[in-house]
K.L.:
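Structure incoming, see below.
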Number of protein chains: 2
Amino acid sequence: MLIDRFDLKILEQLQRDDSLSIAQLAEGIGLSVTPCWRRIQRLEKEGVIEKRIAVLSPEKLDLGLTVFVMIKTDKHNQAWLNEFQETVKAFPEIIEVNRLAGEYDYLLKVITRNNQSYDAFYKRLIARIELSNVTSCFSMEQVKKTTELPLGEIT
Amino acid sequence: MLIDRFDLKILEQLQRDDSLSIAQLAEGIGLSVTPCWRRIQRLEKEGVIEKRIAVLSPEKLDLGLTVFVMIKTDKHNQAWLNEFQETVKAFPEIIEVNRLAGEYDYLLKVITRNNQSYDAFYKRLIARIELSNVTSCFSMEQVKKTTELPLGEIT
DNA sequence: CACTGTTCAGGAATTTTATTCCTTATCGCT
DNA sequence: AGCGATAAGGAATAAAATTCCTGAACAGTG
């Protein structure tokens, strides 16, 4: 799977905005419509393009609170792990979960409406699974947020 | 700006996958094409739909390393803050930056190719701006990752 | 209770865009 | 030079988005 500089331009554009027509995109990158279209098809088939989505505004939907939850656990067996994975997948407020190397075992990103709804979420979470040490870090301000991968590094 | 049940269904579908035609979408939610189209237009104009993008695969693009960088600073003046904001915006590897309440001041999410490129990034970062205390937490595994906002909470 | 204005759904026509099909150019290899 | 593979481009076709028009439901008013 090789990605040349046309593919890279296509990906850069589409990950920023895929609402342009292929004709506009093709013109922007200096290619005609058909080969450009074929490249997009290929990138989708290969899985380089995972999906196409609409990004919604959390603020407009009254989902203005982001909290990062840091978790330490003393249970490192498979059963607990499975239960944990099932649990986080069941909560739509949990946007992202990473298992970490270092002091904390897991980092969760949670989006809710406000303090009160976060508290309700938190209670439901700890009721469902045992977590030995939980720290909630409230986000005061989104300084930067992007969905774009850094493609510049790719040759 | 009121959002009814139809709008919610549209948003839920589009934030999951916007590659369907409006005809398919309209059928799925029980509306005909034109009113469905008009609702999408309105949601875009109002900013509830921020943008439409392609989500790319980090793995396929050899961007398999995610690191969370926790920063404490002793400089809380406006000049430093501006410089910090400019800096994080200039680094495409920095995907997300939140100012936190609590022990740490900032949490950064960084995506790079591997340890080596992370180290190169880290050196460039600390060369550019003074940070008094920096902890890098490497992600071992993405347990969950979604781009979908929890719309279930909205009435 | 009609009348009127407003809002919103739906169908059909039209325009735009995506997709297919076919032809041509380029390049590496023997 | 000749062959085969790979990729580009143009034109035709299919599909989708967008516009335009009609009609239903409903609240406010004389």
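Every chain is numbered from 1 and lettered A, B, ... according to where its sequence line falls, protein lines coming before strand lines. Owing to the predicted nature of the structure, the values given are computational and were not obtained by experimental measurement.
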K.L.:
Rounded to whole Å, how long is the line connecting atom CZ of A/Arg5 with atom P of D/dA7?
P.N.:
15 Å
K.L.:
How are the rings of B/Phe138 and B/Tyr118 set relative to one another: parallel (under 30°), tilted (30 to 60°) or perpendicular (over 60°)?
P.N.:
perpendicular
K.L.:
Looking at B/Glu86, I want to see if its CD is surrounded by more than 12 non-hydrogen atoms of other residues, nucleotides or ligands under 6.0 Å.
P.N.:
no
K.L.:
Once you round it to whole Å, what is the distance between P of D/dA14 and CD1 of A/Ile22?
P.N.:
18 Å
K.L.:
So, A/Glu96 and B/Lys144, do they make that salt bridge, N to O below 4.0 Å?
P.N.:
no
K.L.:
Round to the nearest Å and state the distance from A/Glu27 atom CD to C/dA18 atom P.
P.N.:
14 Å
K.L.:
Does a side-chain N or O of A/Trp37 approach OP1 or OP2 of C/dA18 to a distance below 4.0 Å, or not?
P.N.:
no
K.L.:
At 4.0 Å (heavy atoms only), tell me whether A/Arg39 reaches a base, stays on the sugar-phosphate, or touches nothing.
P.N.:
sugar-phosphate
K.L.:
When you measure from the side chain of A/Asn98 to the backbone N and O of A/Leu107, does any donor-acceptor pair fall under 3.5 Å?
P.N.:
no
K.L.:
To the nearest angstrom, how far is B/Asp18 atom CG from C/dA18 atom P?
P.N.:
13 Å
K.L.:
Measure from the side chain of B/Ser21, starting at C-beta and using heavy atoms only, and say which of C/dT17, D/dA17, D/dA8 lies closest.
P.N.:
D/dA17
K.L.:
With heavy atoms under 4.0 Å as the rule, sort B/Ser32 into base, sugar-phosphate or nothing.
P.N.:
base
K.L.:
Begin from the C-alpha positions of A/Asp62 and A/Arg113 and carry the test salt bridge (Lys or Arg N to Asp or Glu O under 4.0 Å) through to its verdict.
P.N.:
CA-CA 6 Å; A/Asp62 191 20; A/Arg113 188 192 294 241; 3.0 Å; yes
K.L.:
What is the separation between atom CG on A/Asp4 and atom P on C/dT26, rounded to the nearest whole Å?
P.N.:
18 Å
K.L.:
Got a donor-acceptor pair under 3.5 Å from the side chain of A/Thr34 to the base of D/dG10?
P.N.:
yes
K.L.:
Rounded to whole Å, please give me the gap between CZ in B/Arg42 and P in D/dT18.
P.N.:
17 Å
K.L.:
Can a donor-acceptor pair under 3.5 Å be found between the side-chain atoms of A/Arg38 and the base atoms of D/dA8?
P.N.:
yes
K.L.:
Over how many whole Å does the gap from B/Leu31 atom CG to C/dG11 atom P extend?
P.N.:
11 Å
K.L.:
Give the rounded distance in Å between these two atoms: CG of A/Leu25 and P of D/dG9.
P.N.:
13 Å
